[in-house]
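All of these numbers come straight from a predicted model, not from anything done at the bench. If you read the sequence from its start, that first residue is 1, and numbering goes on from there.
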Amino acid sequence: MKEITISMAEKISKETGYDEIVIFGYNPISKQQHVTTFGKTKEQCIDAAKAGNFLKKALGWPDELCKSKPNLKNKE
């Protein structure tokens with residue numbers, strides 16, 4: 001399986017006009033799950049990361065994986 005990259009989420013943001021993106025990927029055969037988030041601004045990155053962490057917690061991910069911080073490089 002390929003990683004769902006932040007640049008993929010950014011492309012979705014640009015194409016749809018949504019400033020915050022949360023992507024959930026799931027493979028029913030391997031049971032592998034993946035969450036990627038994107039925000040256009042620093043504040044939106046933080047909000048999207050919170051939403052991603054909330055989703056992971058709701059899905060039963062281990063607590064240490066539900067505390068992801070956004071990469072705020074190059075953000076306003």
Side-chain angles (χ1 to χ4, degrees):
M1 268 175 287
K2 293 183 178 181
E3 178 181 352
I4 302 169
T5 64
I6 293 170
S7 62
M8 290 175 179
E10 183 177 17
K11 181 179 178 190
I12 292 169
S13 172
K14 288 177 181 176
E15 290 178 359
T16 63
Y18 289 101
D19 293 338
E20 296 180 26
I21 302 292
V22 180
I23 302 171
F24 171 69
Y26 177 66
N27 182 302
I29 295 169
S30 68
K31 308 289 189 223
Q32 186 172 351
Q33 300 176 352
H34 183 82
V35 174
T36 299
T37 65
F38 170 81
K40 192 172 181 181
T41 67
K42 183 194 293 189
E43 291 78 18
Q44 291 165 343
C45 282
I46 293 167
D47 286 346
K50 286 179 184 177
N53 288 331
F54 180 85
L55 176 61
K56 291 185 284 188
K57 186 170 183 144
L59 291 168
W61 288 34
D63 284 340
E64 64 271 11
L65 296 178
C66 300
K67 298 175 184 175
S68 296
K69 304 266 190 228
N71 180 348
L72 300 176
K73 290 181 186 176
N74 305 319
K75 293 293 175 181
E76 304 168 12

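A donor-acceptor pair under 3.5 Å links the side-chain atoms of N53 to the main chain of S68, judged by distance alone. Distance alone, capped at 3.5 Å, is enough to place a donor-acceptor pair between the K56 side chain and the L65 backbone. When atom types are taken as modelled, the side chain of T36 and the backbone of I4 share a donor-acceptor pair closer than 3.5 angstrom.
Under the 4.5 Å side-chain heavy-atom criterion for Ile, Leu, Val, Met, Phe, Trp and Tyr, F38 and I23 are members of the same hydrophobic cluster. There is a path of hydrophobic side-chain contacts, each under 4.5 Å, that joins I21 to M8. A single hydrophobic cluster is seen to contain both W61 and V22, as judged by linkage of ILVMFWY side chains at heavy-atom distances under 4.5 Å, directly or through other members.
Counted within 6.0 Å of CD1 on I6, heavy atoms from surrounding residues, nucleotides or ligands total 12 or fewer; the atom is thus considered open. Counted within 6.0 Å of CZ on F24, heavy atoms from surrounding residues, nucleotides or ligands total more than 12; the atom is thus considered enclosed.
Here K50 contributes atom NZ and K67 contributes atom NZ; the two are 15.0 Å apart, rounded to the nearest 0.5 Å.
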What's the verdict on side-chain contact (heavy atoms from CB on, under 4.5 Å) for Y26 and H34, showing C-alpha distance, side-chain angles and the deciding distance? CA-CA 6 Å; Y26 177 66; H34 183 82; over 6 Å; no

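The heavy-atom pair separating G39 from C45 by the smallest distance is O-SG, 3.1 Å.
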